[in-house]
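One structure is given below, encoded as structure tokens.
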Amino acid sequence: MDFPMFHLDWLNDRFLIALIAILHVCINHGLAVGFIPYITRLEQQGVMNSHAGQITNPEWDSMVYKMMKVGFIITTTLGAMTGVGIWLSVSVVSPASIASLIRVFYWAWFIEWLVFVTEVVLILIYFLTWKNSNKSLNAKLRHIKFGWFLSIFSWITMAIIVSILGFMMDPGNWKSHHSLLNGFSNPIYLPQLFFRTPTAMLIGGIFGYLLSIIFTKKNSEIRARAVKQSSVWILIWAPLSLAGAIFYYRAMPQAMKDNMSTAVGTLEFAQYYDLLKWIIIGAISTVLIIAIAGLWKPKKIHFAMVLFPCIMAFGFLGIFERVREFIRKPYVIGGYMYSNLLREEDYPLYKRDGILKYATYTSTPEVTETNKVEAGKNVFVLTCSRCHTTQGINSIVTVFEKMYGKDKSFEEASIAAFTKGMHNGRTFMPEFPGNRKELDALAAYIKHLQQTGDVIEGAQNEGVVVNPNQSVDAIVKLLDKQVKDNADSMVKIQTALNK
Amino acid sequence: MFQILQINTPVPRNIPLDLPLPEWLLITLLVVSFLLHIIFVNLMIGGTVLTLWCQIIGLKDKDYHNLAHEISRTITVNKSLAVVLGVAPLLSISTLYATHFYTATSLTGGMWIAIIPLVTVAFLLTYLNKYTWHVLDKNKPLSIAIIATATALFLFIPLIFLVNVNLMLFPEKWGTVKGFFSALLLPNVFPRYLHFITASMAVTGLFIFWYMGRKSYPFEEYFERLTRYDIKRKAYSLTLAATVAQFIIGPLVMLTLPTKGFDWRLILVILSGASIAIPAMWWIWKAITGKPENIDNHFGKVVIALSITVIFMGSGRHVYRANALAPHQKLMAANTAEFERLSKEARENPPIEQSDLQLDSALGPVAKGAAIFQMNCSSCHKENEKLVGPPMTEMATIYATDKNGLKQWIKAPGKKRPDYPQMPAFAQLTDDDREELANYILSIKK
């Protein structure tokens with residue numbers, strides 16, 4: 001309402017965020033939170049298994065260093081930038097929600113930032129001083145200690161961000177308690193952390209497993225040892241990850257659980273929900289199989305055998321994040337702001353006067369007979385475009401064609417009637433916020449989209465048109481009126497006093 | 001005061017939630033954290049430019065080739081700190097100026113998102129240059145091509161940020177801007193950019209003076225001909241030249257800035273900052289023209305004086321922004337208050353929803369039921385075929401003799417079919433509505 005509507009009409013705005021966020025979570029969990037302790041443990045093993053008079057086993061240490069180099073390069077480039085990228089993309093797609101969350105969670109994010117700075121400094125120290133630390137045993141032991149510090153700080157950054165995520169998903173408490181502590185004490189917090197911690201360890205382990213195959217020679221003693229170490233690591237964490245997944249799923253509030261069957265796609269693809277279950281079971285069991293195989297016949301393991309479970313494990317995490325993101329719906333901030341970025345409490349006003357009147361940017365402040373389709377486009381941009389495109393991913397035309405049949409031309413009246421009541425049947429949809437005229441205009445626009453294949457360019461390309469009701473001119477008049485009203489009431493009081 | 005804002009200027013409403021901290025504290029955090037961030041960005045960009053330059057000279061001079069390698073090694077650390085230190089100012093500006101900042105980024109959204117791949121690629125290229133240094137010893141043009149691409153990216157990316165921090169200051173332009181490139185052409189973007197790049201070179205000069213001049217730095221391991229004094233003198237000269245240039249570019253920035261943010265306080269802050277740089281320039285001049293053993297004499301004072309200059313300039317930047325946006329923010333506050341009042345009023349007297357049921361008189365007694373169905377059920381149920389749930393014909397068959405069962409199901413559905421999603425409850429319908437609905441459903445014939 002108050003921001004220009006950035007819009008990607010083919011890719012879908014949410015998909016942009018999802019792409020960046022999923023990539024980031026995979027790197028954060030798989031290459032930082034779970035990977036660093038895995039690497040530090042391997043580094044420690046090198047010292048423990050070295051011959052007398054050696055600081056560490058040089059061949060082993062150089063393998064672990066190379067693995068860490070991969071982690072270092074990816075986390076400090078793609079990992080760091082996708083982390084910032086979540087923010088950049090959310091701030092253009094969903095500015096009202098992120099700006100509201102920042103006002104409430106400023107301290108959480110500020111503390112997160114301090115921990116994050118520490119984490120970056122530690123990873124720079126840990127990786128860049130690796131080779132120098134091999135000069136004395138004391139330096140090496142101190143270096144390993146830095147590895148453990150880094151592991152702890154990586155975990156703390158995750159623990160804080162999970163609080164914010166948990167808060168957004170738990171409906172209701174936004175209104176009553178605007179505090180950080182509430183994020184930690186909400187019922188989804190601990191289950192999420194219990195799920196994410198071992199899962200990160202598991203994914204870090206399987207990724208390390210894959211790297212160790214890349215950096216060692218076939219049939220070498222060192223590869224067999226690395227495979228065994230990775231296998232033990234995975235066997236420790238896999239059951240905990242599974243238990244965490246079950247715990248988390250059970251702790252989900254009922255309302256969100258109801259949405260879960262539609263999470264992975266649309267209602268029509270409810271069977272995808274089953275797929276999620278199979279992916280979880282599939283991912284954890286293939287990882288387990290390769291771990292057991294690694295313990296049993298470490299010399300038989302080769303690259304391709306590990307690649308598949310590794311992809312499965314990252315895929316599992318990706319799908320999990322997709323589901324987590326979806327079950328918030330119809331809200332973007334539980335009980336406060338819908339996913340169309342409109343506050344629940346403003347709905348009565350929008351229903352009474354229409355949303356166009358209050359939109360900062362619209363070429364049609366009011367629906368008339370002559371501007372119906374254009375007004376419908378503005379309504380669409382304001383109320384639907386955060387999740388729907390015209391002809392791209394999650395296209396509004398396709399959604400209705402699935403209902404009414406692909407070859408049939410849309411009937412405006414039935415689209416309007418459906419849209420009015422859709423939040424009752426499809427609980428993940430927010431209620432339509434506008435008035436009757438806007439609803440009809442929207443229906444006319446959707447029919448127009450089907451007939452013409454029209455698309456929307458988004459404010460980032462075509463700019464915005466300022467609503468005269470929300471311009472400096474209008475607000476100056478409002479101020480004048482307020483001054484006059486104040487003066488009038490003063491006069492009234494004065495007259496009353498004089499009597 | 002309001003005359004400076006044109007009629008076509010939008011007045012969005014502000015985020016209707018309190019600021020998390022007192023405003024002055026947020027402003028302090030914003031200014032301080034921004035300066036910390038920008039210094040490391042300066043070092044990252046200056047370092048990359050110098051690496052490229054030294055690598056090109058290094059084609060013929062081995063010492064410069066090694067110097068390029070030494071400088072390129074610092075980029076890894078500086079760029080990581082630049083990114084992570086950027087989070088705090090981003091957080092603070094999103095709190096203080098959410099509406100202005102996010103409006104600017106939305107209006108240039110495509111390029112704003114492009115920051116992520118562009119910076120990622122630039123970072124990867126600097127790593128590639130660093131970690132293939134010895135591998136590419138025999139293929140130097142390729143090595144130069146890699147660092148040149150990274151430099152080009154690093155020189156372009158600041159423009160994206162500048163366009164946004166500039167556009168956010170001018171709500172009167174929001175209605176006219178069409179995408180990144182049109183916002184790039186606003187008058188003072190390029191002078192500010194030049195100001196920034198020149199500052200990067202000045203800061204990097206000081207950094208190299210310190211970094212390669214440290215006693216613990218094994219200088220003699222890397223260089224045959226160049227001495228510590230040579231490097232220090234060159235680094236200092238770079239800082240001096242860049243600082244002198246700022247005395248031309250700075251006034252240019254002031255001239256191209258729209259008048260609306262100016263006041264005496266701003267002029268005072270900027271002039272104070274500039275005047276503190278003058279003794280620093282004098283000390284540097286003495287150092288590079290004096291005896292080699294005295295080159296370190298005033299280094300501490302130079303760093304302190306120039307740091308104070310930077311703090312003044314950073315504060316001046318904020319004073320301009322605060323001045324420029326104050327009238328607009330006042331209007332926004334008025335609009336926000338008015339909207340909150342209207343919203344409260346509407347909430348307390350909710351509009352009476354007229355029945356939107358469109359009755360089709362041809363349907364006779366089940367017309368109302370059909371309309372209720374259309375509004376509440378048609379998204380999932382069709383007459384003859386499965387949509388999300390089963391078709392109406394199936395319902396009519398199952399409940400042919402059990403109307404109450406059908407009504408009960410609508411009120412509180414269970415889950416019967418494993419291959420269908422569960423139906424939500426329709427508790428909001430009245431008993432009468434459910435009666436009409438059931439009558440209509442049961443009237444459907446195969």
Side-chain angles (χ1 to χ4, degrees), chain A residues 2-4 6 73 76-78 80-81 84-85 88-89 91-92 95 99-100 102-103 106-107 109-110 113 116-117 120 124 261 267-268 270 345-346 348-349 351-352 358 360-361 403 413-414 417-418 420-422 424-427 459-464 466 470-473 475-476 478-479, chain B residues 2 5 7-13 15 17 19-20 77 80 83-84 87-88 91 94-95 98-99 102-103 105-110 112-113 115-116 119-120 123-124 127 174-175 177-179 331 334-335 338 342-343 346-347 350-351 356 358 374-376 378-380 387-388 421 424 426 428:
Chain A
D2 306 315
F3 296 91
F6 169 92
I73 291 178
T76 58
T77 56
L78 197 59
M81 286 316 296
V84 180
L88 300 193
S89 58
S91 70
V92 292
S100 304
I102 285 172
R103 295 229 169 172
Y106 186 85
W107 279 117
W109 262 308
F110 199 83
W113 173 68
F116 192 31
V117 172
V120 169
L124 290 171
S261 59
L267 267 178
E268 288 78 359
E345 62 188 75
D346 297 332
L349 180 66
K351 280 188 187 171
R352 190 186 77 189
Y358 297 106
T360 309
Y361 307 101
M403 269 169 55
S414 57
F418 163 74
K420 182 123 181 67
M422 78 194 154
N424 293 325
R426 305 195 171 193
T427 49
Q460 77 275 22
N461 294 323
E462 59 180 18
V464 286
V466 178
Q470 307 294 328
S471 70
V472 165
D473 217 18
I475 307 306
V476 167
L478 174 77
L479 281 176
Chain B
F2 299 128
L5 297 170
I7 303 307
N8 198 19
T9 304
V11 183
R13 292 168 296 270
I15 302 294
L17 295 166
L19 286 177
V77 173
S80 283
V83 171
V84 72
V87 173
L91 187 62
S94 302
T95 314
T99 311
Y102 287 165
T103 298
T105 57
S106 296
L107 285 171
T108 62
W112 185 244
I113 296 299
I115 289 173
I116 305 152
V119 176
T120 306
F123 283 2
L124 285 170
Y127 278 134
W174 293 349
V177 161
K178 296 199 178 348
L331 293 175
N335 195 12
E338 174 69 2
L342 289 170
S343 176
R347 201 155 52 240
D356 282 306
Q358 313 239 323
Q374 175 67 24
M375 175 163 290
N376 292 289
S378 64
S379 56
C380 298
L387 195 58
V388 175
F426 282 79
Q428 72 274 20

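Throughout, protein chains are lettered first and strands after them, A, B, ... in sequence-line order, and every chain is numbered starting at 1. Both backbone and side-chain heavy atoms feed into the values below; hydrogens, waters and symmetry mates do not.
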Report summary line: The salt bridge (Lys or Arg N to Asp or Glu O under 4.0 Å) partners of A:R103 (sequence neighbours excluded) come to none

Check whether [X] gets within reach of chain B through its side chain, its backbone, both or neither, counting any heavy atom under 4.5 Å.
X: A:L478; value: side chain
X: A:V120; value: side chain
X: A:N461; value: backbone
X: A:I73; value: both
X: A:E462; value: backbone
X: A:V84; value: side chain

Requested in this report: Kindly determine whether B:T9 and A:V466 satisfy side chain to side chain contact (heavy atoms under 4.5 Å, CB included), including the steps that lead there.
Outcome: CA-CA 7 Å; B:T9 304; A:V466 178; over 6 Å; no

Nearest 0.5 angstrom please: [X] [atom1] to [Y] [atom2], how far?
X: A:W107; Y: B:L91; atom1: CH2; atom2: CG; result: 10.0 Å
X: A:T360; Y: B:N335; atom1: OG1; atom2: CG; result: 7.5 Å
X: B:S343; Y: A:L349; atom1: OG; atom2: CG; result: 5.5 Å
X: A:M81; Y: B:L124; atom1: CE; atom2: CG; result: 11.0 Å
X: A:I102; Y: B:L17; atom1: CD1; atom2: CG; result: 11.5 Å
X: A:S89; Y: B:I115; atom1: OG; atom2: CD1; result: 11.5 Å

Work out which heavy atom in [X] is nearest to a heavy atom in [Y]; give both atom names and the distance.
X: A:T77; Y: B:F123; result: CG2-CB, 3.5 Å
X: A:P348; Y: B:A346; result: CB-O, 3.5 Å
X: A:F6; Y: B:G110; result: CE1-N, 3.7 Å
X: A:E345; Y: B:R347; result: O-NH1, 3.0 Å
X: B:I116; Y: A:G85; result: CD1-CA, 3.3 Å
X: B:A98; Y: A:A99; result: CB-CB, 3.7 Å

Query raised in the report: Is there a side chain to side chain contact (heavy atoms under 4.5 Å, CB included) between B:L331 and A:L479 once you walk through the steps?
Result: CA-CA 8 Å; B:L331 293 175; A:L479 281 176; 3.6 Å; yes

Query - CA sep, side-chain torsions, deciding dist, call: B:T103, A:Y361, side chain to side chain contact (heavy atoms under 4.5 Å, CB included) - result: CA-CA 11 Å; B:T103 298; A:Y361 307 101; 3.8 Å; yes

Check whether [X] gets within reach of chain A through its side chain, its backbone, both or neither, counting any heavy atom under 4.5 Å.
X: B:V177; value: backbone
X: B:Y127; value: side chain
X: B:I113; value: side chain

Query raised in the report: Looking at side-chain heavy atoms only, is the closest gap between A:V464 and B:L107 below 4.5 Å?
Result: yes

**Report entry** Worked check of side chain to side chain contact (heavy atoms under 4.5 Å, CB included) between B:W112 and A:Q460
**Finding:** CA-CA 10 Å; B:W112 185 244; A:Q460 77 275 22; over 6 Å; no

Requested in this report: Find the one option among A:F418, A:W109, A:W113 whose heavy-atom pairs under 4.5 Å with chain B are most numerous.
Outcome: A:W113

